[in-house]
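These notes are about the structure you will find just below.
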Amino acid sequence: VDATLRGESARLDASATAGRNRLALAGTAPLATGGAMDLRATGSVDLASFNPILAANGRRLRGQLTLDAAIAGTLAAPRADGSARLAGGDVQDFALGARLDDIEAVVQANGDTVRIARFTARAGKGSISASGTVGLAAPMPVELSLTARNASPLASDKLTAVLGADLTLRGEAAGRLNVAGTVAIVQADIRIPETMPTRLAVLEVRRPGQKPQPPASPGPDIGLDVTLNAPSRIFVRGRGLDAELAGNLHLGGSAATPQPRGSFTLRRGQFALAGSTLDFTKGEVGFDGSGKIDPTLDFLASSNNGTVIANLAVKGHASAPKITLSSTPELPQDEVLAWLLFHQSVRSLSPLQLAQIAQAVVQMSGAGGGFDPLGTLRSGLGLDRLSVGSGQGGKGTAVEAGRYVAQGVYVGAKQGTNGTGTQATVQVDLARGLKLETTVGQSQGATGASTSGQDSGTSVGLTYQFEY
């Protein structure tokens, strides 16, 4: 750096080199507040140079930034002419699962206005683009727009989303900014943790004489007026839950205290528990506008065999869902599970079925994986059902395995553990309550997916059932 003092100004000639990074600043800089500037900044920066600092927070940058701009005016009212270009940009946040790559941007300065002439980025298989202007003089007016098409900016083990968006950011950087527009959710996958994290007490430790940390400075005041539309394909999975939802959500309030309001209702849903698959009769994920981005869950699966109505409900917040069991007439929890999973009293269950009920309790509590060989084998084989139970008439033991090969089409096989009585089953849902059922083979102790009771020999028939 060479600086020559000239009363109320200084002549500067500065340059810096760090690896592949080079910056230069030359011209006249004011020493008084109201003095005029006449500077020129040029250089090239490799953004990866910042990664040793950003890596501690799980972030990464890549790209080459080229600068060539003239700076004039005063410190209170600067004026700039020139451009900054970014090529081969890549931004990644590992904690959030957010990533934008192939970023190409051109920012041009003209007087007291900076214009985003070009900004494009790839997000998954889709794209994001932006344009607009930002004023340099107070109160720094902002006029920006953002467009996304089939973009996947978020992809983590908790949330993956494919989005389309048309958003605007208007206002004053020195005052209040407002975000408005629509976001179309093409597809979203929300995963509930299979096990709940260990809860640890957090103690506030302060050494003698140490001053408390100052409160964090408030961020910019950004108002929200964004509508989220999701006609279908919002999937909620985990802890045995597999559901598809659709709905609308309005995001109001501010960035500091967002107020989501709306709900997503169930289109279809199942709950896998101890080798059985339960269909949900209702479901909703709701936001009440309280400012807490932690949606409430309300799902219900029921089983009615004409004697006992057993219910399984998933409620509470997504961060800590609660699974409860109930029945009509009221029964103990183990009895409810027995009727829900096996359609019979716990007194009629085999030892292996009792062990499956114990594993179901562990699964619903979220306390740990537990010992579930059938569940592990079923998942590894890609089956929807794999169970071991009593044979026909309560005699012997039988194994059933099957899978839904299409919506409403189930193909399964069942066989007694003695190697005899093999039977194949195909069930097709024709309408609500009406089912086409085909069995081939001999039962001789096999049990399985059949609901008609025709477990002996080969048969083709229709079954109809309804709840009253």
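One is the number of the first residue; the rest follow in order along the sequence.
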From CG (Asn311) to CD1 (Ile309), nearest 0.5 Å:
7.0 Å

Show your working on side-chain contact (heavy atoms from CB on, under 4.5 Å) between Phe235 and Ile190 and close with a plain yes or no.
CA-CA 6 Å; Phe235 299 100; Ile190 304 171; over 6 Å; no

Indicate yes or no: does Asp90 engage Arg62 in a salt bridge with an N to O separation below 4.0 Å.
no

Heavy-atom closest contact (Leu23 atom, Ser44 atom, distance)
CD2-N, 4.5 Å

Under the criterion side-chain contact (heavy atoms from CB on, under 4.5 Å), I'd like the reasoning laid out for Val179 against Ile222: C-alpha separation, chi angles, the key distance, then a yes or no.
CA-CA 7 Å; Val179 177; Ile222 302 178; 3.7 Å; yes

Between Ala98 and Leu154, which heavy-atom pair has the shortest distance, and what is it?
CB-CD2, 3.7 Å

Between Glu284 and Ser263, is a side chain to side chain donor-acceptor pair (under 3.5 Å) present by the stated rule, with each step listed?
CA-CA 7 Å; Glu284 184 178 42; Ser263 64; 3.3 Å; yes

Nearest non-hydrogen partners of Ser127 and Ala151, listed with the distance:
O-CB, 3.8 Å

Validation row: Glu104, Arg118 side chains within 4.5 angstrom (heavy atoms)
yes

What distance do Leu228 atom CG and Asn248 atom CG have between them, rounded to the nearest 0.5 Å?
9.0 Å

Pairwise side-chain contact, Met140 with Glu172, heavy-atom cut-off 4.5 Å (strictly under)
no

Would you say the side-chain atoms of Glu244 pair up with the backbone N or O of Arg233, donor to acceptor, closer than 3.5 Å?
yes

Backbone of Gly286 reached by a side-chain donor or acceptor of Thr296 within 3.5 Å
yes

Between Ser145 and Ser131, does any side-chain donor sit less than 3.5 Å from a side-chain acceptor?
yes

Validation row: Arg122, Asp101 side chains within 4.5 angstrom (heavy atoms)
yes

With Leu86, which of Ile103, Thr66, Val45 fulfils side chain to side chain contact (heavy atoms under 4.5 Å, CB included)?
Ile103

So does Arg20 have more than 12 non-hydrogen atoms from other groups sitting under 6.0 Å from CZ?
no

Between the OG1 atom in Thr28 and the CE atom in Met37, the distance rounded to the nearest 0.5 Å is 11.5 Å

Under-4.0 Å salt bridge between Arg60 and Asp93:
no

Does Ser83 reach the side chain of Arg85, with side-chain heavy atoms less than 4.5 Å apart?
yes

side-chain contact (heavy atoms from CB on, under 4.5 Å) for Ile185 and Leu163? Distances and angles first, verdict last.
CA-CA 5 Å; Ile185 303 178; Leu163 308 173; 4.0 Å; yes

More than 12 foreign heavy atoms under 6.0 Å from CZ of Phe94: is that the case here?
yes

Is the shortest side-chain heavy-atom distance between Leu297 and Val285 below 4.5 Å?
yes

Scan side-chain atoms only and decide if Asp429 and Gln427 contain a donor-acceptor pair under the 3.5 Å cut-off.
no

Looking at side-chain heavy atoms only, is the closest gap between Leu144 and Val142 below 4.5 Å?
yes

Please give me the minimum heavy-atom distance between Ala246 and Pro231, naming the atom from each residue.
CB-O, 3.0 Å

Could you check Gln108 against Asn110 for side chain to side chain donor-acceptor pair (under 3.5 Å), going step by step and ending with a plain yes or no?
CA-CA 7 Å; Gln108 296 176 338; Asn110 185 7; over 6 Å; no

Ignoring hydrogens and angles, tell me if any N or O in the side chain of Thr281 forms a donor-acceptor pair with the backbone of Leu300 under 3.5 Å.
yes

Start with the C-alpha gap between Asp225 and Asn178, add the side-chain angles, then the distance that decides, and say whether side-chain contact (heavy atoms from CB on, under 4.5 Å) holds.
CA-CA 8 Å; Asp225 183 13; Asn178 294 285; over 6 Å; no

Side chains of Ser9 and Pro30: closer than 4.5 Å at any heavy-atom pair?
no

Looking at OG of Ser152 and CD1 of Ile128, how far apart are the two atoms once the value is rounded to the nearest 0.5 Å?
9.0 Å

Is there a side-chain contact between Val186 and Asn150 (heavy atoms, below 4.5 Å)?
yes

Hey, what do you get for NZ (Lys282) to CG (Leu266), rounding to the nearest 0.5 Å?
11.0 Å

Please determine whether a side-chain nitrogen of the Lys or Arg among Asp166 and Arg149 lies less than 4.0 Å from a carboxylate oxygen of the Asp or Glu.
yes

Which heavy atom of Ala29 sits nearest to which heavy atom of Leu39, and what is that distance?
N-CD2, 4.2 Å

Measure the OG1-CZ distance between Thr17 and Arg22 for me, rounded to the nearest 0.5 Å.
5.5 Å

Looking at Leu65, Asn21, Asn51, which hits side chain to side chain contact (heavy atoms under 4.5 Å, CB included) with Asp46?
Asn21

Shortest non-hydrogen contact from Phe287 to Pro260?
CB-O, 3.5 Å

